[in-house]
Amino acid sequence: MLRAIYPGSFDPVTFGHLDMIRRSSSLVDELIVGVLNNNAKSPLFSVEERVKILKEVTENIPKVKVVPFEGLLVEFARKMDARMIIRGLRAITDFEYELQMAQTNHKMEPQLETAFLTTNLAYSYLSSTIVKEVAAFGGNISQFVPEIVEKRIQEKINKRRV
Ligand code: PNS
């Protein structure tokens with residue numbers, strides 16, 4: 001039984017993440033989408049909101065479980081009894097940071113492997129940060145994120161304007 005973790009901030013989840021979740025889930029027996037609770041990053045969405053949205057947008061993808069986590073990813077993987085971490089690589093710019101994380105995690109937990117999937121070309125430019133920036137300036141983000149995310153971001157922006 002191969003249980004893997006696809007970890008991230010998902011603030012917010014994009015079509016790029018969803019593509020990764022779909023493809024990863026087809027490779028493993030169970031895929032845990034690990035949602036990082038890191039208040040130091042002052043996210044747009046609370047971890048509870050991010051988990052709720054992720055559960056909604058992945059409900060039709062088999063073998064997927066959405067679970068929040070705090071602290072070290074290797075500890076979370078141990079707790080979940082997962083043997084593999086899956087990360088997406090968009091471009092060469094992602095590589096250095098991802099390699100550093102994978103090697104640090106491997107040092108701390110040699111049984112835990114990190115596997116990389118190259119992101120779908122259609123989404124290789126996409127990031128949660130860019131989506132938030134476009135939305136903050138009133139741009140249309142419907143081609144980047146699921147409808148539910150679009151709605152929730154709009155609600156946040158409207159609240160901030162009040
Ligand atoms: O979506 P992101 O922000 O690129 O995801 C980064 C994430 C959550 C995978 C990374 O920050 C992480 O694993 N954080 C948990 C803390 C940790 O284990 N840090 C040491 C890794 S070297």
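Because only heavy atoms are used, hydrogens play no part in the values below, and waters and symmetry mates are left out as well, while side chains stay in. As the structure lists them, so they are numbered: ligands from 1, and atoms in each ligand from 1.
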(message) Using a 4.5 Å cut-off between side-chain heavy atoms of Ile, Leu, Val, Met, Phe, Trp and Tyr, which other residues end up in the same hydrophobic cluster as L99?
(response) L89, I92, F95, F116

Quick check against the 3.5 Å criterion: does [X] have a side-chain atom that pairs as donor or acceptor with the backbone of [Y]?
X    : Y   : value
E75  : L72 : no
R3   : I32 : no
R50  : F45 : yes
K65  : E30 : no
S128 : P12 : yes

Is there any protein N/O under 3.5 Å from an N/O of ligand 1, and what does the full list of such pairs look like?
from     : atom 1 : to  : atom 2 : distance (Å)
ligand 1 : 1 (O)  : S9  : N      : 2.9
ligand 1 : 3 (O)  : S9  : OG     : 2.6
ligand 1 : 3 (O)  : K41 : NZ     : 3.1
ligand 1 : 4 (O)  : R87 : NH2    : 3.0
ligand 1 : 5 (O)  : R87 : NH1    : 3.3
ligand 1 : 18 (O) : L73 : N      : 2.8

